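As structure tokens, the structure follows; a few thoughts come after it.
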There are 2 protein chains.
Amino acid sequence: MTKVKGDTDTATQILDVAERLAQVRGFNGFSYADIAAELHLTKAALHYHFAGKAELGEALMTRYATRFSDALAAVESRVDDAAGRLDAYADLYLGVLRKERMCLCGMLAAEYETIPVPMRDTVLRFFEANEEWLTRVLEQGRAEGQLQFAGPPADTARMIVSSLEGALLVARPFGDITRFQMAATQVLAGLRAASTGVV
Amino acid sequence: MTKVKGDTDTATQILDVAERLAQVRGFNGFSYADIAAELHLTKAALHYHFAGKAELGEALMTRYATRFSDALAAVESRVDDAAGRLDAYADLYLGVLRKERMCLCGMLAAEYETIPVPMRDTVLRFFEANEEWLTRVLEQGRAEGQLQFAGPPADTARMIVSSLEGALLVARPFGDITRFQMAATQVLAGLRAASTGVV
DNA sequence: GTCTATAGGCAGATAGAC
DNA sequence: GTCTATCTGCCTATAGAC
């Protein structure tokens, strides 16, 4: 099952480096030269695998979306209760911060006006997919009486996504993981039903 | 009192254009050529006013911080109650979104690794100044029984700043103002004491 | 697949005339 | 203060050898 194809091949290595650079420096903050130097290749070799930076960016987004969607599915199969799923969701962001990165789509949201047009829709669809997943979790949690919130679950889902993205955005420059954790904890604590709520 | 100096002079015009470009496209997303073209000047003229892009960036930050601090003072003199001040604070962000911009410091937080070093501290101090102001408002609101939240006010202040930054970050690419408003409303609603809380 | 070599463009920046 | 002219460097991208 491992290494079906493209596990450690050059294209994958390029994507790995590009992804890290995009998450740390932004899509406009790295060049083909940066990737080439790190992989001890030439820029020309990169163009063989990805026609241009725009195409590389699209490949980046496609892979990122798939991976995130897989991560959400993994959370669902690993954790049963809604509150636990929300915590696990926040932990996905925490993992990104631990690597001193920004969420790729959060970064691209900031750079939205300057990224290649084909990447833009993918950014929006990433947020929507996250919101849809959270909406289902919130509906479940409310139905089971574990979660408590006013208004449509979809609105709260949007609030969660943007709050966590923001917590990542602000915590990263401070290099302070607890800054993220406290913000995330506070956002999610407000959704817990009184019986399981804050002391 | 108006036009003491630098009200419509070239340096101010340069800052105005640079600020908008930085908030829309990012600090790495515009060039001296962009500013020069918009003001019908040459790049050389810009270098007369600001030695380099790094110096322009510093001037940008200084002015932005001052302006924001003035805006917070204005809120305090205009609104008395803590809940109203929080709403007014969120409205500051809303005003940025209405101009289809990102918060300058939120944008620079994303670009943190690539911006000139002297600008970095200013970004962090901007967030801290916001948090300090919010902390005072939260303390006031809790003392008066208008606001309700668990833990240190400073923690909740951080949560508010990052949540609003995130709401701006995500709402802007969607071009959807209500997306921001709903997120902001939900974040702040959770802080209102039960008597004035959500129906 | 990866290389060398190179093209064409734009970036930030400077010198010196007016 | 603003200009023209120019520099150096990096960017994305391509042609063609191996």
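First the proteins, then the strands, lettered A, B, ... as listed; each starts at 1. In this text, all values refer to a predicted model and were calculated from it rather than measured experimentally.
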Without decimals, in angstroms, what is the distance between [X] [atom1] and [N] [atom2]?
X	N	atom1	atom2	result
A:Asn28	D:dT12	CG	C1'	13 Å
A:Gln13	C:dG1	CD	C1'	13 Å
A:Phe27	D:dC11	CZ	P	14 Å
B:Leu21	C:dG12	CG	P	11 Å
B:Leu46	C:dA11	CG	P	13 Å

Hey, is the main chain of [Y] close enough, under 3.5 Å, to the side chain of [X] for a donor-acceptor pair?
X	Y	value
A:Gln148	A:Leu191	no
B:Glu76	B:Val137	no
A:Arg158	B:Ala167	no

*Evaluate whether atom CD of B:Glu100 has more than 12 neighbouring non-hydrogen atoms of other residues, nucleotides or ligands under 6.0 angstrom away.*
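Result for CD/B:Glu100: open.
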
Under 3.5 Å, N/O pairs linking protein and nucleotides 2-6 of chain C:
from, atom 1, to, atom 2, distance (Å)
C:dT2, OP1, A:Thr10, OG1, 3.2
C:dT2, OP2, A:His49, NE2, 2.8
C:dC3, OP2, A:Thr42, N, 2.7
C:dC3, OP2, A:Thr42, OG1, 2.9

_Heavy-atom closest contact (A:Leu188 atom, A:Ala90 atom, distance)_ =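 Smallest heavy-atom distance, with atoms named: CD1-CB, 3.9 Å.
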
*For the student: nearest non-hydrogen atoms of B:Thr178 and B:Asp176, plus distance*: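 That closest heavy-atom pairing would be OG1-OD1, 2.7 Å.
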
*Can you tell me if the side-chain N/O atoms of A:Ser31 get under 4.0 Å from OP1 or OP2 in D:dC10?*
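Looking at the OP1 and OP2 atoms of D:dC10, neither is under 4.0 Å from any side-chain N or O of A:Ser31.
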
*asked:* Applying a 4.0 Å non-hydrogen cut-off, can you work out what B:Phe50 is touching in the nucleic acid: base, sugar-phosphate, or nothing?
replied: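 No contact.
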
